[in-house]
Colleague: 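Mind having a look at this structure? Questions to follow.
These figures come from a predicted structure and were not determined experimentally. Start at 1 with the first residue, then count along the sequence.
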Amino acid sequence: MPGRDDAPSSAPPSGVPRRSRTPATVPSRAPHLNPTLVLLVAAGGAVGTAIRAIAENAAPAQPGAWPWTTFVINVTGSFVLAALVTGLGRRGPDEGRRRAVRLAVGTGVLGGYTTYSSFAVEADRLLGGGHLGTGLAYALVSVALGVGAAVLGVRTARALVPVRFDRAHAFDALAARVDPTLPRDPDAADDPADADDAGERP
């Protein structure tokens, strides 16, 4: 009769890392329900809106003329937002300080700084006022240069910001967020990007 020592072992084969049975830590509250994050977005939005208002008042759009202020605001905003999000993503997961910066600056400041509503109203006024060529050009060039500025922002961030996030554990971290009960690779805790944010999640 086989003894207890002869029972099949549940240990993984040699060379296969043992996976922890401790569920991965997940945020206890959704970001949009976190008062701190909501205040960051609100404060950033107020700053961005104030900057845009100052610029629009200093150089308002003239009837029948190209709305240069809104045009420059939207193109530069597209560039900065793309560079910001790409740079943050290359430094680590969307947690802790990175999430706070993304929401305060990206969603807040740049969300208030850029304006689709003013762009739409100005294009409509040009088209409705008989300035068909200017209106069409303004609409098309704004969209085209906005996309181009975003692409340039992504490429700029990729060139200037080194990758620090350990991509080997990216899928494991994503799976843990989808299902917190999944075992997590203990080596993922060695990611320096995670270590920097330990205890800093708002």
Colleague: Quick one: sort the Y138 and W66 rings into parallel, tilted or perpendicular, breaks at 30° and 60°.
Modeller: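 Aromatic pair Y138/W66 classed perpendicular.
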Colleague: Side-chain contact test, heavy atoms from C-beta onward, threshold under 4.5 Å: evaluate it for T115 versus T70 and give yes or no.
Modeller: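 Yes - at least one pair of side-chain heavy atoms lies under 4.5 Å apart.
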Colleague: Quick check against the 3.5 Å criterion: does T69 have a side-chain atom that pairs as donor or acceptor with the backbone of A59?
Modeller: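 Pair found, side chain donor or acceptor close to backbone of A59.
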Colleague: Could you report the tightest heavy-atom contact between V75 and G146, atom names first, then the distance?
Modeller: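 Residues V75 and G146, closest heavy atoms: CG2-N, 4.4 Å.
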Colleague: When you measure from the side chain of R125 to the backbone of P63, do you find a donor-acceptor pair of N or O atoms at a distance under 3.5 Å?
Modeller: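 Side chain of R125 to backbone of P63: no pair is present.
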Colleague: Shared ILVMFWY cluster between V154 and V80, side chains joined below 4.5 angstrom?
Modeller: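 No; V80 is not reachable from V154 via cluster members.
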Colleague: Consider only side-chain heavy atoms of I, L, V, M, F, W and Y, link residues closer than 4.5 Å, and tell whether L140 and Y116 are in one cluster.
Modeller: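 The answer is no; the residues belong to distinct hydrophobic clusters.
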Colleague: Using 0.5 Å steps for rounding, measure from the CG atom of L127 to the CG atom of L136.
Modeller: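 One gets 5.5 Å once the value is rounded to the nearest 0.5 Å.
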Colleague: Can any side-chain N or O of R99 pair as donor or acceptor with the backbone N or O of D94 at less than 3.5 Å?
Modeller: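 At least one qualifying donor-acceptor pair exists.
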Colleague: Quick one: closest heavy-atom pair of A61 and E122, and the distance?
Modeller: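 That closest heavy-atom pairing would be CB-OE2, 4.1 Å.
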Colleague: Quick check: is V85 connected to L103 through a chain of hydrophobic side chains (ILVMFWY, heavy atoms under 4.5 Å apart)?
Modeller: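 No: no chain of side-chain contacts under 4.5 Å links L103 to V85.
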Colleague: With a 4.5 Å limit on heavy-atom distance, are the side chains of L37 and V41 in contact?
Modeller: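 Answer no - side chains too far apart.
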Colleague: Locate the shortest heavy-atom distance separating R52 from S118; write the atom from each residue and the value.
Modeller: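 Looking at all heavy atoms of both residues, the shortest contact is NH1-OG, 4.1 Å.
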Colleague: For residues L84 and V101, determine if any side-chain heavy atom of one lies less than 4.5 Å from a side-chain heavy atom of the other.
Modeller: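 The answer is yes, as the side chains (C-beta and beyond) meet within the 4.5 Å cut-off.
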Colleague: Please report the shortest heavy-atom distance between S78 and A149, naming the atom on each side.
Modeller: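 Answer, listing the atom of S78 first, then A149: CB-CB, 4.2 Å.
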Colleague: To the closest 0.5 Å, what do you measure between OH (Y113) and CG (N74)?
Modeller: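 So the OH of Y113 and the CG of N74 are separated by 8.5 Å.
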Colleague: Taking C-beta and beyond as the side chain, do R91 and P162 meet within less than 4.5 Å on heavy atoms?
Modeller: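 Answer yes - side chains close enough.
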Colleague: Is there a path from F119 to V141 through hydrophobic residues (I, L, V, M, F, W, Y) whose side chains come within less than 4.5 Å of each other?
Modeller: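 As far as the 4.5 Å side-chain criterion goes, V141 and F119 are connected within one cluster.
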Colleague: Checking the side chain of R98 only, and the main-chain atoms of G89 only, is there a donor and an acceptor separated by less than 3.5 Å?
Modeller: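 Not at all, since once roles are kept as given, no pair shorter than 3.5 Å links the two residues.
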Colleague: Does the plane of the ring in F71 sit parallel, tilted or perpendicular to the ring in W68? Use 30° and 60° as the thresholds.
Modeller: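 F71 vs W68 ring planes: perpendicular.
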Colleague: Please report the closest heavy-atom contact between G106 and L81, naming both atoms and the distance.
Modeller: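 Looking at all heavy atoms of both residues, the shortest contact is CA-CD1, 3.8 Å.
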Colleague: Specify the closest pair of heavy atoms between L40 and A100, including all atoms of both residues, with the distance to one decimal.
Modeller: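 That would be CD1-CB, 3.8 Å.
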Colleague: When hydrophobic residues are tied together by side-chain contacts of less than 4.5 Å, even through go-betweens, does V47 share a cluster with L110?
Modeller: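 In one cluster: yes.
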